[in-house]
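Written below as structure tokens is the structure these notes are about.
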Number of protein chains: 2
Amino acid sequence: VPALREVGEVEAIRLITRGAAARDDVVVGPGDDAAVLRCGPGEDLVATTDAMVEGRHYLSSWLEPRGRGARLAALNLSDIAAMAARPRWALLSVGVRPEHDIDALLEFQAGLAAALAADGAVIAGGNLVAVRGDEWWSLTLLGSVARERAWRRAGARPGDLLALTGLPGRAAAGFLLAHEHADIAREPMWRPLLEAWLHPRARTAFAQALAAAGVVSAAIDVSDGVAGDLAHLCAASHMGCDVEAWSLPEDSLIARAAGIIRRPVTPLRLGPSDDYELLLAVDPRGRAAAEQVARDTQTPLWFIGRFTPQPGQLALVEVHGGRTPLGRGFDHFTGAR
Amino acid sequence: VPALREVGEVEAIRLITRGAAARDDVVVGPGDDAAVLRCGPGEDLVATTDAMVEGRHYLSSWLEPRGRGARLAALNLSDIAAMAARPRWALLSVGVRPEHDIDALLEFQAGLAAALAADGAVIAGGNLVAVRGDEWWSLTLLGSVARERAWRRAGARPGDLLALTGLPGRAAAGFLLAHEHADIAREPMWRPLLEAWLHPRARTAFAQALAAAGVVSAAIDVSDGVAGDLAHLCAASHMGCDVEAWSLPEDSLIARAAGIIRRPVTPLRLGPSDDYELLLAVDPRGRAAAEQVARDTQTPLWFIGRFTPQPGQLALVEVHGGRTPLGRGFDHFTGAR
């Protein structure tokens, strides 16, 4: 297997940007100074960027190159989903060691391209540089949305319902199992937790169908954990929120994992966890419509609380009236995780 | 001065994306899951990405943080200029060490934002991650161009003139002086060569004015050197090109530097050098119009050769008829530089 230093940078860039199939909205694809892309009339452009660093955001022993590519796609697709936008075009920028083997790079690219394609996007351009030390992978993902129809973090109103997709905390539980109990983590029963951490899927189809229903007043994707991202949404909306403990979905697997990794269950579920689920503020009159979209797209959806007019007041409320403040999320630099 | 680990990732991202002034074409700026941007009717989107790695693309001892930001802007602006597009929005993705000081990060950001603003673009989003080892800075720059009006590498025709802006090879000469004769390089007389290497400026205004004249059939920016990038343009256009030795611009400074760094002058001028100048195929009937645009925008412009119908045949021709094949450029991985 040849290494990058043998094929050269220009050829390596060609390889990581290949497979951008001919599409009407790609006027000029990879291989020129820049890509030329075509939005439709009445569409706004939506743009996000997210990166993964070796040893920080993935461990080679837990995630093969194809999975890394798919995960980088998911991180970015989730941001586009949280804006109710349609994923369209991606630009990949990578820093890899000269001894990186070409097969591994192609596997990464294939995983990225396939995950993007599953949600309708193509790689439209890229760059590749040689690095010493840790490798990194940065993606910029562009989407489109009808004008004035993007979801934002701002917009939640008092009385709006708090909705959540999926089972939060599973990514954190999988991460902690793998890091602290590697042997146990490889047992098949924990696979769903490991999958949540290693192979997240953005809620792209659900978000687009739900956007058409017009019942969402604010949205954010869960990359910091429910408590942390709810705090971001509430801050942008100048709202508070009561999360109802009795409305959280059952998740016996995470409850069992909590015993092994010796963490209390509720903080594990609501605390730092990059689940790439969606948190939504939903007009209460739209609840049935949202539930219908969830069924249509086979998306688990839970209504777990209600927004209040007290800015910044986030609490977990118990059925008997007890209230526990929900702390903020997770920060890589300050090491809160 | 606080370090990044003390302010945290969320605050650091806020800092590197600040100053995205309110503009009509930025519907949602930094701070949401993604930015929402607005193209005009009849416009295509143009997108490029380029990165700089510490120790590879800049040396801390030669380029202060503000200059690094400006340089990253120039690398990307040059690609947008080479498409005849208008720079609009940038997304910044960085990997920095936790001990990176905030003042240096803000200086970098200020240099980047100012250089983008000078050419009409704003930072619309960003991401920041902690790294061990070498720091990296990756930018995605988006621009817009009237439909079907983007310049491409393909399109040069036999008989088209080869035009070049600026004085090629100066970036390489500055780089080599600094790396091999650091003490000499700090003498004021060499400042123009060091400037060409450290503080390149994209030919944005010239490209846009020239595009309006409608005389360019193909274009590329010079990031690999005249010979290397001319080869790329010729390959895309299925053309050859004769570069006329007698038409190259006078450059006594590079000739003097060549003696110190012990390199032959012509390879230094035409070989690997990231000058961020433009190479253009110009319709011969449009020469006067192009020269007028060059005067109007105070851009040095030289007509240095002519395209031929022999695909891939690139030669330096002498006034007495001698022909020297022009070799390909420069590759970081194979270490040709």
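By convention in this document, chain letters (A, B, ...) are assigned in the order of the sequence lines, proteins followed by strands, and residues within each chain are numbered from 1. Here the structure is a predicted model, which is why all the values come from computation and not from measurement. Only this structure's heavy atoms are used, side chains among them; waters, hydrogens and symmetry mates stay out.
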Item checked: Top of B:Ala35, B:Gly133, B:Gly55, B:Ala3 for chain A proximity - count of heavy-atom pairs under 4.5 angstrom -> B:Ala35
Item checked: B:Ala236 versus chain A, the contacting section by heavy-atom distance below 4.5 Å -> neither
Checklist line | Note: B:Arg68-B:Glu135 ion pair, threshold 4.0 Å (strictly below) | finding: no
Check: Looking at B:Val46, B:Asp44, B:Leu91, which one has more heavy-atom pairs under 4.5 Å with chain A than the rest?
Finding: B:Asp44
Next item on the list: Against chain A, label B:Glu148 side chain, backbone, both or neither, depending on which of its atoms sit under 4.5 Å from a heavy atom there.
Entry: both
Check: Does the pair A:Arg38/A:Asp25 count as a salt bridge with the N-to-O cut at 4.0 Å?
Finding: no
Margin query: Which residue is it: B:Arg88, B:Arg147, B:Arg149? I am looking for the one with a side chain to side chain donor-acceptor pair (under 3.5 Å) to B:Glu43.
Written below: B:Arg88
Checklist line | Residue part contacting chain B, namely of A:Leu142, when any heavy atom lies under 4.5 Å | finding: side chain
Check: Under a 4.5 Å heavy-atom cut-off, does chain B meet the side chain of A:Ala219, its backbone, both or neither?
Finding: backbone
Notebook entry, point to check: Do you know which of B:Ser93, B:Gly42, B:Cys39 has the most heavy-atom pairs with chain A at a distance under 4.5 angstrom?
Noted result: B:Ser93
Item checked: Salt bridge present between A:Arg201 and A:Asp119 (N-O < 4.0 angstrom) -> yes
Notebook entry, point to check: What residue in B:Thr49, B:Ile220, B:Val27 has the most heavy-atom pairs under 4.5 Å with chain A?
Noted result: B:Thr49
Notebook entry, point to check: Salt bridge or not for B:Arg153 and B:Asp221, using N-O below 4.0 Å?
Noted result: no
Checklist line | Pick from B:Asn127, B:Asp32, B:Asp79 with the largest number of heavy-atom pairs that fall under 4.5 Å of chain A | finding: B:Asp32
Notebook entry, point to check: How far does CG of A:Leu37 sit from OG of B:Ser144, to the nearest 0.5 angstrom?
Noted result: 12.0 Å
